[in-house]
Structures are given as C-alpha cells and as structure tokens.
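One structure is given here, and the rest of the page talks about it.
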Amino acid sequence: MRFETLAIHGSRTRDTLYGAVMTPIYQTSTFAFRGVNQPGPFDYSRSGNPTRKALEEALAALEGGTEGFAFATGMAAETCVLELLRSGDHVIVHDDLYGGTWRLLAEVTARHGVAVDFVNLRDLDALRAALRPATRLLWTETPTNPLMNLLDLRAVADVARARDIITVCDNTFLSPCFQRPLEMGIDIVLHSTTKYINGHSDVVGGAAVVRRRDLAERLKFLQNALGLCPGPQDCFLVLRGIKTLPLRMAAHNANALELARRLEAHPRVERVLHPGLESHPQHALALRQMTGFGGTFSFRVRGGQEEAFRLLSAVKLITLAESLGGVESLIEHPWTMTHLSMPEAAREKAGITRNLIRLSSGIEHIEDLWKDLEQALAAV
Ligand SMILES: *Cc1c(COP(=O)(O)O)cnc(C)c1O
C-alpha cells in the first residue's frame with residue numbers, strides 16, 4: 001500500500017465484536033483472564049492495550065518498520081531509547097538539536113555514568129574522530145530544531161553500522177510523510193507525535209519505530225518496565241490525526257515554502273533558514289534525502305532581540321506559542337522559549353541567535369498568513 005492508504009489502513013487491529021470502523025477506545029486498566037493461568041491477548045494496560053496496539057501498528061507501517069512503540073510524550077520515547085545504554089557506554093549526539101533532548105542527554109543520561117559527546121555530525125571527519133571503542137549509540141536529528149540544518153543520514157548510518165553502533169534519528173520535523181530514516185540505514189526512528197503526526201495540538205505523545213528484532217524486543221521490555229506508555233484516549237486521537245497526515249503535510253509544506261520565499265525577499269529579514277530554498281547550503285541534500293521540506297522553518301530579523309520581540313508582539317492571527325506541527329500557525333523565539341534549556345554558550349555556538357524566530361506554518365490560507373506576517377514586519 002502507498003503512504004496515503006497506509007495512513008488510513010496502517011493498523012491491522014479490527015473490532016470483531018461490533019465491526020466498528022474506527023478503533024474503539026479501550027478505556028480499561030486490566031483484562032479478564034480466560035481461565036486460571038490463561039491470559040487473553042492483553043492482561044494489563046501498561047503492558048499492552050488494543051487502542052495502543054492499533055496506533056503502534058500504524059506508526060510502524062508509516063515508517064516502513066516492523067515494530068512501533070507509543071509513549072506518553074516524545075521525551076518518554078527518548079528516555080526509553082536511552083535506557084538501552086548502561087554505565088560506561090559512550091554516546092555521540094549531534095550538537096544542534098531540540099533543547100529538551102540536549103537537556104535529557106547532558107543533565108540526566110550523562111549523570112548515570114554514560115559519556116555524552118556533542119559533535120557536529122555534518123562533519124564526517126569529526127564523527128570519525130569522536131568514535132571510541134565504548135561508543136554504543138549515535139543520535140541524530142534532521143532537519144534540526146530550530147536551525148534547519150540537515151544531516152546526511154545514509155553517510156552517518158554507514159559510519160555507525162561498520163562499528164555496530166545503534167543509530168537514532170528524531171524524525172519529528174518531517175514525519176514519515178517526507179523522510180524515512182529506516183530506509184536509509186538508521187536503526188531507531190523517534191517522534192514527538194505531539195507535532196505533525198497528531199497534528200491538532202491536543203495531545204502530547206511520542207513514538208519509536210524499528211526494524212531490528214533485537215531492538216524491538218528490548219524496547220518492548222523497557223516500555224513496560226519503565227511504564228512510559230500513553231493512555232488509550234490519547235492513542236485514539238493520534239490515530240485519528242494520522243489519517244490526514246499526508247493531506248496536512250502537503251498543505252504545511254506548500255505554505256511554509258511560500259512564506260519562506262516571501263520572507264527572503266523582505267527588507268526587514270536578514271536570512272531565512274529553510275531547506276527548500278536554493279539559498280540553503282544543503283538544498284541538494286534536501287532534494288536527495290527528503291520528499292518534502294515540512295512546515296517549520298526559521299528566520300533572522302534584521303536587528304537583535306528587540307526587533308524580534310516587536311515582530312512577535314505584533315502578530316495577530318499567528319499565535320505566540322511553543323510547539324509546532326499543528327493545523328494552526330505558531331511562532332516563537334527559540335532564545336527565550338524552546339531552547340532556554342540549553343546553556344547560553346551552547347545556544348551561541350549552535351547559532352541560535354537573539355534575532356532568530358521559528359515559525360510553524362499551519363494550514364490556513366497562505367494570503368491570511370502573509371498578511372499577518374507583513375503587518376508584523378512593518379511593526380519592527
Ligand atoms: C517536541 C519535540 C520533542 C519532545 O517531544 P514532547 O512530546 O514534547 O515530549 C523531541 N524532539 C523534537 C524534535 C521535538 O520537536
């Protein structure tokens with residue numbers, strides 16, 4: 001089945017009792033045994049729940065994986081994957097990524113006896129130089145949040161596979177609609193389903209998808225042992241979101257690219273960071289590795305924080321809020337909002353400047369969005 005069909009029919013779970021076309025919400029913590037020592041397919045909802053199973057099947061189908069795992073949040077999915085490590089292991093992490101991931105690795109994982117190295121993985125020589133015998137995991141995110149830098153996933157996966165290192169890719173920004181990391185040799189794909197996969201800004205959730213049997217078994221064990229699972233109601237909502245993922249992504253993509261082009265031509269804008277623009281230094285890689293550019297990008301206004309704040313105070317239709325990937329457009333200031341959890345020096349080193357603004361383009365009409373941005377830019 002093609003992607004659009006999988007978005008509707010990716011889950012194999014069917015309601016055999018009444019033939020409900022939509023997956024029922026099994027709002028139950030426990031399941032009756034069929035007899036002494038005879039559990040049914042489910043026994044307790046932390047270990048498994050039919051609504052969650054339907055979501056996990058859909059996630060696996062969309063990413064081209066064999067097993068999917070749903071989590072209470074994107075950070076819960078990351079926590080589960082990091083529990084694959086033990087004290088003494090070494091992790092290499094791309095140095096430009098979601099602030100919460102940075103915080104989890106630097107301030108939690110690194111305190112448990114795991115050595116964490118933040119490396120610019122766009123530089124394959126730097127990656128090779130960072131490898132150690134104890135390197136167990138390589139963590140990537142592409143495009144990166146909020147700078148929209150790309151990593152060559154095939155190249156990075158090749159370096160890691162030669163040394164038996166597990167590779168992880170946070171695919172939140174593009175969703176499986178536009179990028180399929182497992183097909184490029186990555187071992188574990190991660191998502192904050194809070195963003196595009198659910199797409200309606202009404203759930204926080206996470207996901208991990210794999211093809212490798214050994215990783216599937218370990219993640220299944222950890223998901224249950226750590227208790228990181230989402231409730232059935234949230235699983236239902238994410239499943240419903242998935243059905244329109246291809247339609248939404250096409251609309252996000254078209255709006256973001258058009259806004260990026262218009263912003264690039266605007267005198268009050270210093271630079272636009274969008275992999276679909278010819279001016280993006282990795283535009284060729286974007287065309288090779290992705291089938292769309294997504295709906296989120298960033299730009300630098302001319303000036304500093306004051307000018308950025310003026311623009312952010314002036315938007316009317318577009319909401320000043322963290323998060324991204326919902327049907328409504330959101331705008332934010334990474335320096336003081338989403339990336340505040342990164343130390344100032346790390347933000348500066350990465351290029352998260354005070355005049356940087358991140359825009360998550362929703363699926364409203366392009367002219368209404370542009371009108372709002374244009375009047376906000378006039379206020380700068
Ligand atoms: C939001 C986000 C996360 C964290 O997900 P939550 O659902 O907020 O826990 C991880 N990675 C990226 C790229 C994100 O945008």
Side-chain angles (χ1 to χ4, degrees), residues 55 59 63 68-83 93-109 118 121 139-151 153 168-179 181 186 188-209 223 226-231 234-235 237-238 241-242 249 252 256 273 275 290 293-298 321-326 329-334 337-342 347 350 352 356 358-362:
L55 170 60
L59 291 164
E63 282 288 359
F69 300 94
F71 295 93
T73 66
M75 296 317 297
E78 297 191 8
T79 298
C80 188
V81 167
L82 289 170
E83 286 294 328
V93 189
H94 188 38
D95 65 358
D96 165 20
L97 81 178
Y98 177 65
T101 305
W102 200 97
R103 178 174 56 192
L104 177 63
L105 281 148
E107 292 176 24
V108 183
T109 309
F118 291 92
L121 299 181
W139 191 289
T140 69
E141 180 180 315
T142 180
T144 60
N145 180 359
L147 294 167
M148 306 308 293
N149 290 316
L150 308 183
L151 285 180
L153 288 178
V168 177
C169 177
D170 185 335
N171 199 25
T172 298
F173 260 48
L174 291 183
S175 92
C177 190
F178 291 147
Q179 180 167 271
I186 295 289
I188 304 176
V189 178
L190 282 181
H191 281 283
S192 167
T193 54
T194 312
K195 314 296 166 52
Y196 289 105
I197 290 195
N198 179 60
H200 294 74
S201 306
D202 50 11
V203 172
V204 283
V209 181
Q223 181 196 38
L226 295 164
L228 302 168
C229 61
D234 282 354
C235 291
L237 285 169
V238 178
I242 283 175
M249 289 314 289
H252 285 297
L273 314 175
M290 302 146 46
F293 311 109
T296 303
F297 67 98
S298 51
E322 296 192 358
S323 198
L324 57 107
S329 293
L330 302 179
I331 198 161
E332 67 108 6
H333 188 239
M337 293 170 69
T338 46
H339 288 67
L340 196 57
S341 52
M342 276 169 83
R347 274 177 273 164
I352 300 170
L356 184 75
R358 189 186 75 187
L359 178 66
S360 167
S361 324

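In this chain, residues are counted from 1 in sequence order. Both counts, for ligands and for their atoms, begin at 1 and track the order of listing. Model, not experiment: these values are computed from the prediction.
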* **Phe173-ligand 1 polar pair, N/O distance under 3.5 Å** => no
* To do: List the closest protein heavy-atom neighbour of atom 4 (C) of ligand 1: residue, atom name, distance to the nearest 0.1 Å.
  => Tyr98 CE2, 3.5 Å
* To do: Without swapping roles, check the side chain of His191 against the backbone of Gly206 for a donor-acceptor pair under 3.5 Å.
  => no
* Can you tell me if Gly205 has a non-hydrogen atom under 4.0 Å from ligand 1? -> yes
* Over 60° means perpendicular and under 30° means parallel, so classify the ring planes of Phe118 and Trp102, tilted if in between. => parallel
* For Val204 and ligand 1, answer yes if some heavy atom of the residue is under 4.0 Å from a ligand atom, otherwise no. => no
* Which atoms of ligand 1 have any heavy atom of Asn145 under 4.0 Å away? -> 15 (O)
* To do: May I ask you to check if ligand 1 and Met75 share an N or O to N or O distance below 3.5 Å?
  => yes
* To the nearest 0.5 angstrom, please state how far the CG atom of Leu59 sits from the OG1 atom of Thr193. => 7.0 Å
* Quick one: CG on Leu226 to SG on Cys80, what's the gap to the nearest 0.5 Å? -> 5.5 Å
* Asked: At what distance is the nearest protein heavy atom to atom 2 (C) of ligand 1, and which residue and atom is it?
  -> Lys195 NZ, 2.5 Å
* May I ask you to check if ligand 1 and Thr194 share an N or O to N or O distance below 3.5 Å? => yes
* Structure fact -> One should read off an interatomic distance between Asp96 CG and Met148 CE, to the nearest 0.5 angstrom, of 10.5 Å
* Under the side-chain hydrogen bond (donor to acceptor under 3.5 Å, both in side chains) rule, collect the residues that match up with Thr109, sequence neighbours excluded. => none
* Structure fact -> A student comparing Asp170, Thr172, Asn198 should find that the heavy atom closest to atom 11 (N) of ligand 1 comes from Asp170
* In Å and rounded to the nearest 0.5 Å, what is the OG1 to CG distance from Thr172 to Asn145? -> 8.5 Å
* Quick one: does Glu78 get within less than 4.0 Å of ligand 1, heavy atoms only? -> yes
